[in-house]
Amino acid sequence: MTPATISAQITDYANRADPYPLYAELREQPVRREDNGTYLVSTYYEVRNLANDPRLSNDMSNRPPGYARIGHPPEESGPPPSFIFTDPPVHDRLRATVTRPFGPPHSPRFLDGLRGDLAKVVTELLDAFEGKDRVDIVEDFSYPLPVTAICKVLGVPREDEQRFHVWADALASSLDPHPGGDDDPDKAQRARQDMGAYLSDLIETKRRHPGPGILSELAPDMTPTDLEATAILLLVAGHETTVNAITNTTLTLLRHPDVLDRFQNEPELAAPLIEESLRYEPPVQFVPWTTALADIDVAGTTIPKGSPVWLMLAAANRDPKRFKDPDRFDPDRKDNQHLGMYTGIHYCFGAPLARMELHLAVPELFRRVKFSGLLEDPPPYRANAVLRGPRHLPVAIEGLVA
């Protein structure tokens, strides 16, 4: 395999079910240059250090002409890029503003106030399994919970889910550097414009008639365009990644019956098990939208100024120089400082909400449901290589515990 083809193989759907052999090959050369000038960084310490290096930019406008600007809309085509595609000081200002109503220190009880409602949603979703002998974990459980959660957080009507689900899929696909299966290059742009128009109307309503959710609280503090872009980010990222996290954890446990047996008898295993799942099968596999602002020396290689850089989080999470026996799913792993939620100033904004959802969903799912086994292994995966997770996870069940 040549350096020029490995990124194409990573993004090839044929390798979606198991990209880890490709990541292992990548780690043999921590910094790999492709023929198009893109650099892939795959080892733990190098990925972590670069993610915390101010010489690496998330702003796609810093890419030279001719390189794809992932997640970056064409000029004058709707709302501006969200704050994950900006650098300080713009990034810091926007993120700090959004943080105030979302959690500590300004709103320390915000997330905890959602816990009871989301626990009720988990119960209702599992109650609906009654009388069935097979379910789709994605459609019946791991998708509706995060969607309900982010709607509550933002103050978006849950009944509008069917509208923004289509837009969110298109926008999530635009993060893939080598998208396949869709020949419509303008789909994501139209989705961003349509979602922006929908949210713009909702935000204006919130300005006039404040209600539940952080959009009402943010409306006086942000410009309409900044709030629109932020709302798009939170609505899409706020559920897409958590759907993957819940589904990947479920699939991993069903593939490891010995760990599952322990989990069902040791409730205290939940926290380390969830963290190990985020390392072992992270919902975001890699970050392909960074650019070097200067020449950067990494592991004996100089990444030239202006070069696109892919930070391979899932490869770094299985680096044997950082994690002992990294291909083993081990909830007893110590010092598990994985990169499953990224690191640095762009550390996952919604990580506290995602972890709360995982802790509500996963233990209750395996407490109440009597699983017979997977109906497809590997299951069908989503087309997206960046946000990797099953599109469906059909399982056989024997019944439900009250």
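Excluded from the calculations below are hydrogen atoms, water molecules and symmetry mates; all remaining heavy atoms, backbone and side chain alike, are included. All residue numbers in this chain count up from 1 along the given sequence.
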Taking the six-membered ring of Y39 (Phe, Tyr or Trp), confirm whether the NZ or CZ of R32 is under 6.0 Å from its centre and within 45° of its axis. no
With R318 as the cation and Y20 as the aromatic partner, state whether NZ or CZ is under 6.0 Å from the six-membered ring centre and within 45° of the axis.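 Yes.
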What I want to find out is whether [X] reaches [Y] closely enough, with some N-O distance under 4.0 Å, to be called a salt bridge.
| X | Y | answer |
| --- | --- | --- |
| D127 | R368 | yes |
| D201 | K206 | no |
| D319 | K321 | no |
| D176 | R388 | no |
| D112 | R115 | yes |
| E275 | R333 | no |

Give the intermediate values and the outcome of side-chain hydrogen bond (donor to acceptor under 3.5 Å, both in side chains) for residues D335 and Q337. CA-CA 6 Å; D335 190 30; Q337 297 182 38; 2.6 Å; yes
Take atom [atom1] of [X] as the centre, draw a 6.0 Å sphere, and report whether it contains more than 12 heavy atoms from other residues, nucleotides or ligands.
| X | atom1 | result |
| --- | --- | --- |
| R207 | CZ | yes |
| K132 | NZ | yes |
| R109 | CZ | no |

Just wondering, do F263 and P331 contact through their side chains at under 4.5 Å, heavy atoms? no
Whether the N317 and H338 side chains hold a donor-acceptor pair (N or O, under 3.5 Å, no angle test) is what I'd like checked.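 H338 and N317 do not have a side-chain donor-acceptor pair below 3.5 Å.
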Tell me whether the rings of F83 and H91 are parallel (<30°), tilted (30 to 60°) or perpendicular (>60°).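 Aromatic pair F83/H91 classed perpendicular.
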For F102 and F110, take the angle between the two ring planes, folded into 0 to 90°, and tell me which bin it lands in: parallel under 30, tilted 30 to 60, perpendicular over 60.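 It falls in the tilted class, 30° to 60°.
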